Amino acid sequence: MVRIAGTLAVRQGRARRRLIVVRAVMVCIARTLTVGLFAVMPSAEAGAADGPRSEPLRLGSNRFRAGNAIEQLALAPHGTQLATVHRATQQHVALTVWDAETGQPLREQLILRELFRGMVWGARGGFAVVSCPDNEQKNTLARHRPFPHDFCVWNFTDRNTERPEALGQSNPAASRSRATWPRFYFSADGRCVAAWGASGDGRYAVEVYALSPAAHATQLHRLAILELGAEDVDEVRLSADGEIVVTFRELANPERSGSRDYTATVWQVRRGQPATRPFRLTTTDATPNSPLLELAPDGRAVFVLVHDGDQWGVDEVPLTTAPRRKVARWPNAQWPRDGRFAFACSGHRLALAVDRQTFLVNKETGEELGRLEGHAGRIVQVAIAAEGRRIATADEYGLIRLWDAKSLRPVHEVPHHRAPVEHAELSPDGRRLLTWSRDDTVRLWDIATGTELRALTPTPAQPQADCITNRPTFTPDGTAVVLRTAQRLIARDWQTGLEIPLPGELAHAPPHLAVFAPNGQAMLTWSDDKPRISVYDWPSGKKRFTIQPPGPPQPAQFSADSTVVFTGIGSGLRWDARTGQELPPGANAERPEALWPVVGLRSPLAGVLHTPRGQVPQLLEAGTGHPIPRGYIGGNSETWEPRARAGMAVSPCGQQFAAVVEREQLVVLGEWASGEARRWLRGHRGPVRILGFTPDGSKLLTAGGDHTVVVWDVLLTHAPLTEAFKKETRAAKLWDLLATGPAPEAYLAMARLAREPAAAVQMARRKLRPATTSDRETHTSTHTSILAEVRAIELLESLHTPEAMQLLRELAGGDKAAFRTQEAQRALQRLELTHPSPP
């Protein structure tokens, strides 16, 4: 047995050695064929290497951030989950269910706004009511009143419940042709919903429906019809148990200002008749969409807002003959600026959200139980869990906060920004990012790890003002941040957070916006309330001059070469940055409507895209109008159209741009040479703002309605590949796609070729040679052939290997008039800027 085992071991060892030799030979052959012929690429089974990880890096927390203002808010009875409705696109709202512990969405459903009627979360689950336009043909108009199956109820808290088919379909004709019931109100226990409006014959009514769980979206079950006659009502409220409906009609009273008069009628749902005679009540005037009154849970009284003299507060108006009662009063100084409120009532507590804080009041005694504070924006929704353990508030920035109803403390802290990021700036060394939002903080981040380094507070004097006038900035050496307070301009060391004295006359500068010159030798201050521009030497702080621009105020900035101060991108107003002498208008001010701002991370305005009608677009310096040689822009301004008038970013490498697709709330990474989209970047909740590319063009930064900044890896060599492109081994097909394919497919083909640098360079050598006088292309090349050369040179530039650099130098040495030569020269210039040679 021992001999047999030994013999087998020897044979196995020989077999392994032969297998290793065979594999080595095969690898050598494959490498030779790949580099020499580019006919054999990695096998389909192995696929292309994905390269370094390119997942986006997020700066900040997106927990409990809906991405847009909350329109409806509901807490589960036990308080462990909540549901929100917010605007997702121009046509859709998003109904989202959140985990109260993690702050992350559990599920989300887009619903056409024209179909959505509202949602509630009661003891039997969460229900959404959706209109069904496809039922138009079911003889709806025969009775001049909608059938219950014209609406459906969807139990969105049950994962097994089938969603309504109508959620993603639009049929505007249906809602125009039949009776409309545009307004809905839900009972707090989630058992009933009241719909009211006009029927087909011009009569008005309130219909009460039952909300019943089902395995699929089901029709509403009508409980009662409350006939209103020929006159509509302005408000409807339903008691917590769905047994009582109160309708309110606003009375015309032109002599009375600052208040509204209503007649209220109490209806018993089961009888379908008024329970009492209409009676009159008065509430304080406010914005039209504000809820000025709230029905008590038992349906026996109404809470109304009042504003009398030097106080404001809440009164209780019984729906009987009992007298009106004061509940709570606060000083007039706390009256909200815009007069908007959010009510919630549960048990003995009344929650009243005013501006950024929520007042909790014992509705029986009028005692103020406490206040919930911590929002950066105006609170628009408030909810109290049925079991009373949790309170939820939501603001206009889409931030949701949960509170312990007993201690009135937040259940979770809210890290990082509490409002959307409005401005970002990269430090001079490129290692740190400064962000500012309207939450009273300036935050600094490590751009490599996403770690927050420091939060500086308070920031600017007017957190609700436009970010153009409140923007903080780095000092030229990157050691401090300059920002404005209510009284003055200050600087703070970013490492310690301590204030640093500003030099010279800047120590007494008014609290205006500060902008440093790109060369770091000057600083200007500007404000829109007093349109004056002052320019100072830096770092001495000696004032050079002060000017007062004519016309409406516009942001003041330095030109890229620091020699010019200008306002706006199309005003034409310019001054010498050293003397203050007025200069002739810049070349880019001839047609302001053809100018598009180009944003960046080092200055608020990185340039201007000039798109004159019928001509090739140009990238120009803001303030001077000098051309910026970034890359080839194909076509003309009639065929090449930027995708967002709000601004765009252009990669320093010259071949890519980024813009926001506003309706879809996503970012398009576009091809500079064709103006077409390459990739669509989805990672934010809510509206997206382009911040800019990093100086080496490897990263793109965007800010979203979720209050975070996302860092995208946009290197061609790191671009994500589809499975089909990972497995593609036909080099000829990939090169054909690079040369003639549409931008998305050409981009993937380039990224696939970039996974094999040596083979890609060899293939490029076969397709590209230095241009000669005999094949001069300046006037004969077509847009297609030029686009192919732009993409091929971009591929070589992205590889940045010695072989690729050598080929670029050879191409740059061709005929000077040839496009291929000029594009290769531009690529070498860009590489020298983004990857400078060591001294």
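Scope of the values below: all heavy atoms of this structure, side chains included, with no hydrogens, waters or symmetry mates. As the structure is a computational prediction, the values presented were derived from the model and not from experiment.
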Do the ring planes of Phe819 and Tyr632 sit parallel (below 30°), tilted (30 to 60°) or perpendicular (above 60°)?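 Geometry flag for Tyr632 against Phe819: perpendicular rings.
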Should the ring pair Trp538 and Phe516 be called parallel, tilted or perpendicular, given that the plane angle runs from 0 to 90° and is split at 30 and 60?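 The arrangement is perpendicular - the two ring planes meet at more than 60°.
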Answer with yes or no whether the side chains of [Y] and [X] bring together a donor and an acceptor at under 3.5 Å.
X	Y	result
His417	Thr435	yes
Glu621	Ser559	no
Thr451	Trp445	no
His416	Ser61	no

Quick one, [X] and [Y] - any side-chain contact, counting heavy atoms below 4.5 Å?
X	Y	answer
Leu700	Thr694	no
Glu797	Gln655	yes
Leu433	Leu601	yes
Leu737	Phe725	yes
Thr708	Asn62	yes

Pairing residues for Thr722 by the side chain to side chain donor-acceptor pair (under 3.5 Å) criterion, not counting sequence neighbours: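 Side chain to side chain donor-acceptor pair (under 3.5 Å) list for Thr722, sorted by chain: empty.
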Run the side chain to side chain donor-acceptor pair (under 3.5 Å) test against Gln495 and tell me which residues pass, sequence neighbours left out.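 Residues passing side chain to side chain donor-acceptor pair (under 3.5 Å) with Gln495: none at all.
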Got a sec, which pairs hit side-chain hydrogen bond (donor to acceptor under 3.5 Å, both in side chains) with one end in residues 735-749, sequence neighbours left out?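 Output for this query is empty, none listed.
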For salt bridge (charged side-chain N to carboxylate O under 4.0 Å, His left out), just list the numbers for Glu422 and Arg471, CA-CA rounded to whole Å, side-chain angles, deciding distance to a tenth of an Å, and then say yes or no. CA-CA 9 Å; Glu422 300 282 358; Arg471 190 176 56 241; over 6 Å; no
Look up atom [atom1] in [X] and atom [atom2] in [Y], then write down how far apart they are to the nearest 0.5 Å.
X	Y	atom1	atom2	value
Glu789	Leu811	CD	CG	9.0 Å
Leu444	Leu59	CG	CG	11.5 Å
Leu666	Arg679	CG	CZ	12.5 Å
Asp696	Phe693	CG	CZ	11.0 Å
His718	Ser798	NE2	OG	10.0 Å
Arg820	Ile786	CZ	CD1	11.0 Å

Can you tell me if CZ on Arg431 sees more than 12 non-hydrogen neighbours from other groups inside 6.0 Å?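 Not buried by this count: 12 neighbours or fewer within 6.0 Å.
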Between the main-chain N or O of [Y] and the side-chain N or O of [X], is there a donor-acceptor pair closer than 3.5 Å?
X	Y	value
Ser651	Gln656	no
Arg432	Asp446	no
Glu425	Phe474	yes

Derivation and outcome, side-chain contact (heavy atoms from CB on, under 4.5 Å), residues His707 and Arg685: CA-CA 9 Å; His707 312 173; Arg685 299 180 64 87; over 6 Å; no
Worked check of salt bridge (charged side-chain N to carboxylate O under 4.0 Å, His left out) between Arg752 and Glu728: CA-CA 8 Å; Arg752 175 67 180 94; Glu728 182 58 63; over 6 Å; no
